Undergrad: 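Please read through the structure below; I'll follow up with questions.
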Amino acid sequence: MLVGLGLISLNQVTNRLRQLNAVLIISLMGAAMGLSFAILWSQLHGHAPYIRTLEWAAAGNFHLSMGYTIDHLTALMLVIVTTVAFLVMVYTDGYMAHDPGYVRFYAYLSLFGSSMLGLVVSPNLVQIYIFWELVGMCSYLLVGFWYDRKSAADAAQKAFVTNRVGDFGLLLGILGLFWATGSFDFQVMGDRLAQLVHTGSISNVLAALFAILVFLGPVAKSAQFPLHVWLPDAMEGPTPISALIHAATMVAAGVFLIARMYPVFEHVPAAMNTIAYTGAFTAFLGATIAITQNDIKKGLAYSTISQLGYMVMAMGVGAYSAGLFHLMTHAYFKAMLFLGSGSVIHGMEAVVGHDPDLAQDVRLMGGLRKFMPITALTFFIGCVAISGIPPFAGFWSKDEILSAAFASNPLLWGIGWLTAGITAFYMFRMYFTTFEGQFRGNKTQLWEKLKSPIGMAIVAGFERTPAFGPGAMTKGELEAHEEHHDHDSHGHGHSEYPHESPWTMTLPLVLLAIPSVLIGLVGTPFANYFEEFIYSPNETLEEVVTKAAEVDLHEFYIMAGGSVGISLIGITVASLMYLWGKINPVAIANKIKPLYELSLNKWYFDDIYHRVFVLGSRRLARQVMEVDYRVVDGAVNLTGFFTLVSGEGLKYFENGRAQFYALIVFAAVLGLVIVFGVT
């Protein structure tokens, strides 16, 4: 608020004090991070959950409280949000150093941080809804931060409108649950709803409807099918935002809400099945689209959609702690991957300029490991972690989800297992095309590669002529690259090779790499400290400890071997295609052209939504306008016309002559006599 008010009232002075503003905001987030670790430490030592509320509104018997709650789930989320936000804020100083909106960006970051923290400490559903909408507003501001760029403005609108669809469902669900249970408290709602269903006061269908309406909120916020379409477009915002909001924290709010509402969901089997199948399908959908993406940020965005699907599936099969465990591990390695992509873009801009279509295209990269060793190493760690290779963080959390899915429904396990292999493939495809081989962003080297006998078709999907297949770049795109590269006067590249990013950008990468490697060790089946800390509301600590002691390690080794095996297959195929050039991806794409086009066109969801909702809304609007013009306006205009005509006619009868008025009276009387005389 302070920085925002400064920008409104003393804009020039506030912008000149850019470093001071950054230090202030980073320091405050650092203090919040310190408090979050203190709260986590206190919860680890067995302090009881604490709720502090005050009455906010009252009317008769209706009372609405606001305040905060501190429990295990809150402590975990506070640490995740503050650590990632703090590191992203440090990173932002390097990434946005030359941007004129530097101070405004920090103000938005701070507003988002406070909104997210307010969300996770909320003790009831109404307060969650208030901060939920604030978080959505911050997403709109940050995605459209470069609002003078049409694509960013459109992406912000798309994110805002899509989230409103889910939020409207959430609002209806909240009102329905309050009507049924008379409470906004999570546990009270769950207990009363179960009791009402058991006694027959509320039908199972109505209870399922309320629960699924609430689930629509997380569907939009966590980018689950069918409301997933906004997240890839949201990459139009600056990269730090992609890392903070759309990989680590805001999208995690959906999974967090499912966890908070677990006492309600667990008593409604239809809702749990809906959650599980939605998550499984979304995981598969995101992964299959990511394998053909050439924009490094959009590839990671579809990866995020896929990983969020895993978390939602875990919640749906009852693996409460496994879903939250994956939320935590994913927040760290995906934030690192996004910040790594920002470092790559920052380095590429020195060569190809500030055009995102060029700076984010993996087809113009290659060999960056030589120029950006720290970025390459941390990105590699992130790829290994998300691929589920032990002992990295992603392995332990993903394997726990797959084990729970197998115990609940082998079909869901099969989808998750197959998705794990696809994940490993597309992540290493991205790594090899970006960091290995020869650098292709330089004009001369690019044309030399295109003229070589092997060509780019094997190394990274390039061909000399317009080609079909993964990574194919058309002649027009190459010419555009030529034009951008040759016209330095337009503010484009001025260096022949990219360079490593400044320490403010690489330090957060290194710090995030540590939890990406090690944090999974708190949730191993040998000693699952995470599950003992975060356990389902329907369990006691004794039950969790007993269950942990009964873990079948033989079964774990079989399940883990299966998931690691499919991941290694995915990595091997990616190596053969994009590292060693033994398999031509273009040839394969030509053989499975319909499937390739399905993936490249994002399963045509954007096209379908555009035709049905965008064009459909416009047609409806035109028809409404036609009705408004012809019927509503027509009725008003007809009334006016009738008044005008009748007035014009009557003025000839108002001439002031007594004889004429007498004649009219006589004619009227005569008419009445004739009428009544006939009847």
Side-chain angles (χ1 to χ4, degrees), residues 1-2 22-54 65-91 106 109-124 127-128 131 134-135 186 243-244 248-250 252-253 255-257 259-260 320-321 324-325 327-333 335-336 393 397 507-508 510-523 527-535 537 541 544:
M1 283 179 64
L2 287 171
V23 168
L24 170 68
I25 287 174
I26 292 172
S27 300
L28 290 172
M29 185 54 75
M33 182 174 69
L35 289 170
S36 300
F37 275 108
I39 289 169
L40 179 65
W41 186 256
S42 119
Q43 290 293 303
L44 284 168
H45 281 73
H47 288 186
Y50 178 78
I51 299 178
R52 172 70 183 271
T53 59
L54 55 92
S65 298
M66 293 290 174
Y68 60 88
T69 181
I70 301 298
D71 59 9
H72 292 183
L73 179 57
T74 300
L76 174 71
M77 291 298 296
L78 286 176
V79 168
I80 292 172
V81 172
T82 53
T83 51
V84 175
F86 177 77
L87 292 172
V88 166
M89 284 180 174
V90 173
Y91 177 95
Y106 267 108
L109 274 180
S110 184
L111 180 62
F112 168 74
S114 62
S115 303
M116 193 67 202
L117 293 174
L119 175 67
V120 299
V121 301
S122 297
N124 60 56
Q127 192 171 329
I128 275 190
F131 284 105
L134 267 174
V135 164
F186 314 109
L244 178 61
T249 53
M250 190 189 90
V255 181
F256 167 78
L257 182 60
R260 269 282 181 247
Y320 177 88
S321 63
L324 291 172
F325 188 28
L327 185 154
M328 178 180 71
T329 59
H330 174 263
Y332 290 112
F333 60 69
M336 181 179 66
S397 54
L507 179 62
V510 173
L511 293 177
L512 283 166
I514 297 169
S516 298
V517 176
L518 300 176
I519 204 165
L521 298 177
V522 302
N528 199 333
Y529 302 109
F530 186 87
E531 189 170 5
E532 290 179 17
F533 178 64
I534 296 280
Y535 49 88
L541 181 58
V544 173

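Only a predicted model underlies this, so the values are computations on that prediction, with no experimental measurement involved.
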Undergrad: What heavy-atom pair brings P515 and A393 nearest, and what distance separates the two atoms?
TA: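 Looking at all heavy atoms of both residues, the shortest contact is O-CB, 3.8 Å.
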Undergrad: Compare every heavy atom of L244 with every heavy atom of A85, then report the nearest pair and how far apart it is.
TA: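 Closest pair (atom of A85, atom of L244, distance): CA-CD1, 3.6 Å.
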Undergrad: Work out which heavy atom in A331 is nearest to a heavy atom in I80; give both atom names and the distance.
TA: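 Where A331 meets I80 most closely, the heavy atoms are CB-CG2, 3.7 Å.
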Undergrad: For the atom pair CG (L73) and CG (L327), what is the distance rounded to the nearest 0.5 Å?
TA: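 Separation between the atoms: 9.0 Å.
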Undergrad: For the residue pair Q43 and A48, what are the closest heavy atoms and their distance?
TA: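 So the two residues come closest at NE2-O, 3.9 Å.
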Undergrad: Look up atom CZ in F533 and atom NE2 in H72, then write down how far apart they are to the nearest 0.5 Å.
TA: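 Answer rounded to 0.5 Å: 5.0 Å.
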Undergrad: Decide yes or no for V121 and F131: does some side-chain heavy atom of the first lie under 4.5 Å from some side-chain heavy atom of the second?
TA: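 No, their side chains stay 4.5 Å or more apart.
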Undergrad: Give me the atom names and distance for the closest heavy-atom approach of R260 to S122.
TA: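 Smallest interatomic distance, heavy atoms only, reads NE-O, 4.3 Å.
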Undergrad: Quick one: OH on Y332 to CG on L87, what's the gap to the nearest 0.5 Å?
TA: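 The distance works out to 8.5 Å.
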Undergrad: Which residue is it: L76, L324, I128? I am looking for the one with a side-chain contact (heavy atoms from CB on, under 4.5 Å) to F256.
TA: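 Among L76, L324, I128, the one that satisfies the side-chain contact (heavy atoms from CB on, under 4.5 Å) with F256 is I128.
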Undergrad: Evaluate the side-chain proximity of Y50 to T69: yes if any heavy-atom separation is below 4.5 Å, no if none is.
TA: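 In short, these two side chains do not touch, never coming nearer than 4.5 Å.
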Undergrad: For T74 and Y68: C-alpha separation, side-chain torsions, deciding distance, then whether side-chain hydrogen bond (donor to acceptor under 3.5 Å, both in side chains) applies.
TA: CA-CA 10 Å; T74 300; Y68 60 88; over 6 Å; no
Undergrad: Which heavy atom in A243 sits nearest to a heavy atom in A335, and how many Å separate them?
TA: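 Of all heavy-atom pairs spanning A243 and A335, the closest is CB-O, 3.9 Å.
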Undergrad: Taking the side chain as every heavy atom from C-beta outward, state whether L117 and T82 have any pair of such atoms under 4.5 Å apart.
TA: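 Counting from C-beta outward, L117 and T82 do come under 4.5 Å.
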Undergrad: Would you say Y106's side chain and M89's backbone share a donor-acceptor pair under 3.5 angstrom?
TA: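 Yes; at least one donor-acceptor contact below 3.5 Å.
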Undergrad: If you round to the nearest 0.5 Å, how far is CZ of F86 from OG of S27?
TA: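 One gets 8.0 Å once the value is rounded to the nearest 0.5 Å.
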Undergrad: At what distance, to the nearest 0.5 angstrom, does CG of L109 lie from CE of M29?
TA: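 These two atoms lie 8.0 Å from each other.
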Undergrad: Is the closest side-chain heavy-atom distance between M328 and V522 below 4.5 Å?
TA: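 Yes, close enough: below the 4.5 Å cut-off.
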Undergrad: Between S65 and T53, is there a side-chain donor-acceptor contact under 3.5 Å, judged purely by atom types and distance?
TA: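 Result is no, nothing qualifies.
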Undergrad: Can you tell me how far the CG atom of L507 sits from the CG atom of L511, to the nearest 0.5 Å?
TA: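 One gets 4.5 Å once the value is rounded to the nearest 0.5 Å.
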Undergrad: Determine the interplanar angle of the F333 and H330 rings, folded into 0 to 90°, and report it as parallel if under 30°, tilted if 30 to 60°, perpendicular if over 60°.
TA: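 Rings of F333 and H330: perpendicular, over 60°.
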Undergrad: Can you tell me if CG on L44 sees more than 12 non-hydrogen neighbours from other groups inside 6.0 Å?
TA: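 Enclosed.
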